[in-house]
Amino acid sequence: MEFLLQPNVYSTGNTPNLLNLLDKMWIKDHNSGEGTLYIISGFANYNGGVRFYPYFTDHIHKGGNVKVIIGGSTSQRLSSIQIAEALLQCGADVYVVNRKRLVHAKCYGYKTPSAEELVVTSGNFTGPGMSQNAEAAIRIDSNTVQTMGFEWEDLFNNMFSQGWDIYKLDSSDISTKSDPGWRLLYDEINSTVALDEDQQVSMVLTLSGSDTARIQADPGTSASKGTQYFWLSKGSFDFFPALTEKNKRGTKNTYSTLINMNYIDIGVINQSRVTFEADNNLDFRLGTGALRNTKIASKDDLALITRKSEFDYELRIIKQTDASYSALARYAVNYIGNYGKRFGYISNSDVSSILGVSI
DNA sequence: CGCACTGGGTCT
DNA sequence: AGACCCAGTGCG
């Protein structure tokens, strides 16, 4: 049994967030191909599931099942077209329940011939719900699940027999989207809504040696070879748009998207790719090629990445010697990796007052 | 020539 | 084995 309140506020089992709790339950403690994985969530978006798509696919190819119930609405942005497509492409059964009030539960788990496990949480199957929102979650072990008489199939069957307005989506319908269930889902990519106020934030990231090696390198040298990245935490999926682009060459699944990056310090506006290396080493990387050879950032300097809108970002390097360094660095509260890297978020309005510029 | 890929390393 | 860290290769 394990309880947590994310992000990294309180945990009885050294698990910082819901994403890692589901990692443990579904991937570490469950054998791919065995039984059925279950998801119930009122809200769902692409980045909520991006860590799991290769595993779901593998699990289903080996004979397992994935059953998903998500909320939908024609008037509210509950669950997205993109996550429904991704889950269907994994081979999952996807059910959309019309109207928010009917599904406000968030439960995750699995059933195998020998065990059933259950996570009950406030965290939705979304990027923020998985990591940065303050959400509680409890993982209930199979003995306790059995003792209380919980069974996933009973829960699903009872939900299906309530007479609710439920639409089962079909993978053969992805291109046409003729089923009315699709109209209960919103479009993450082509939507024009402004960011919520709580998403008008900047990421504060301490830079590692590999983050700045190519920035410091001279052109044409061996140290300048390869791609210039900032390595991020996969706990920051929610800071970026849906990572819906899959790799075209190569065999290891990656999920990425392009964002518009305004490199304030050098006056360059470029597209930058943010990539999750799902089948390689779980790297989560932000391409920052415009900084190559510029020498404007050194190890332990800060990158301040400001999200202006869905796809528009600004990047500022804050040197250790800059006056604003300490005021900004204190927002990088999440320790990640094993080399002292930290990241965190600060509201854009607070960035404005610290830097004395309008963001 | 830059960046999508590759595939290790290292610490927990 | 997970998750950042690092140093490239070779493709377009």
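By convention in this document, chain letters (A, B, ...) are assigned in the order of the sequence lines, proteins followed by strands, and residues within each chain are numbered from 1. Predicted model only: the values in this text are computed from it and were never measured.
The stretch residues 211-224 of chain A does not touch DNA chain B, since none of its heavy atoms comes less than 4.0 Å from the strand.
To the nearest angstrom, P of C:dG2 lies 12 Å from CG of A:Leu19. Look at CG on A:Leu286: it is 15 Å from C1' on B:dA4, rounded to the nearest Å. Rounding to whole angstrom units, CD of residue A:Gln228 and C1' of C:dA7 are separated by 13 Å. Nucleotide C:dG2 holds its P atom 11 Å from the CG atom of A:Asp279, rounded to whole Å. C:dG2 atom P lies 15 Å from atom CG of A:Leu21, rounded to whole Å. Rounded to a whole Å, the CG atom of A:Asn293 is 14 Å from the C1' atom of B:dC3. Counting to the nearest Å, the C1' atom of C:dC5 and the CG atom of A:Leu232 are 13 Å from each other. At whole-Å resolution of the value, OH in A:Tyr335 and C1' in B:dC11 are 17 Å apart.
At the phosphate of C:dC4, neither OP1 nor OP2 sits under 4.0 Å from any side-chain N or O atom of A:Lys341. Distances shorter than 4.0 Å separate none of the side-chain N or O atoms of A:Ser210 from OP1 or OP2 on C:dC5. Regarding contacts with the backbone of C:dG2, every side-chain N or O of A:Lys28 stays at 4.0 angstrom or more from both OP1 and OP2. Applying the 4.0 Å criterion to OP1 and OP2 of C:dC6, one finds that A:Ser208 has a side-chain N or O inside that range. The side chain of A:Arg273 places an N or O atom within less than 4.0 Å of a non-bridging phosphate oxygen (OP1 or OP2) of B:dA4.
For A:Tyr313 and A:Phe239, the distance between ring centers is under 6.0 angstrom. Between A:Tyr46 and A:Tyr53, the distance from one ring center to the other falls under 6.0 angstrom. Between A:Phe240 and A:Phe284, the gap from one ring centroid to the other is short of 6.0 Å.
Residue A:Val94 is not grouped with residue A:Met159 when hydrophobic side chains (ILVMFWY) are merged at heavy-atom distances under 4.5 angstrom, including chains of intermediate members.
Salt-bridge check for A:Lys295 with A:Asp218: passed, with a basic side-chain N closer than 4.0 Å to an acidic carboxylate O.
Place A:Gly209 and A:Ile27 on DNA chain C by their nearest nucleotides, and A:Ile27 ends up nearer the 5' end.
Using a 4.0 Å heavy-atom criterion, one finds that A:Gly287 contacts no nucleic acid atom at all. Using a 4.0 Å heavy-atom cutoff across all strands shown, A:Ser233 reaches sugar-phosphate atoms only and no base atom.
Under the side chain to side chain contact (heavy atoms under 4.5 Å, CB included) rule, A:Leu207 has a single partner from A:Ile215, A:Asp300, A:Ile318, A:Ile317, which is A:Ile317.
Between A:Phe160 and A:Phe156, the ring planes are perpendicular. Angles over 60° get that label, and only those under 30° would be called parallel. Ring-plane geometry between A:Tyr108 and A:Trp26 is classed as perpendicular, the angle between the planes exceeding 60 degrees on a 0 to 90 degree scale with a lower cut at 30. Note: A:Phe56 and A:Phe52 have parallel aromatic rings, judged against thresholds of 30 and 60 degrees for the angle between ring planes.
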Checklist line | nucleotides 5-10 of chain B: protein proximity per nucleotide (B base, S sugar-phosphate only, - neither; heavy atom, under 4.0 Å) | finding: BBBB-S
Next item on the list: Verify side chain to side chain donor-acceptor pair (under 3.5 Å) between A:Thr254 and A:Asn280, making sure each step is shown before the conclusion.
Entry: CA-CA 8 Å; A:Thr254 71; A:Asn280 184 14; over 6 Å; no
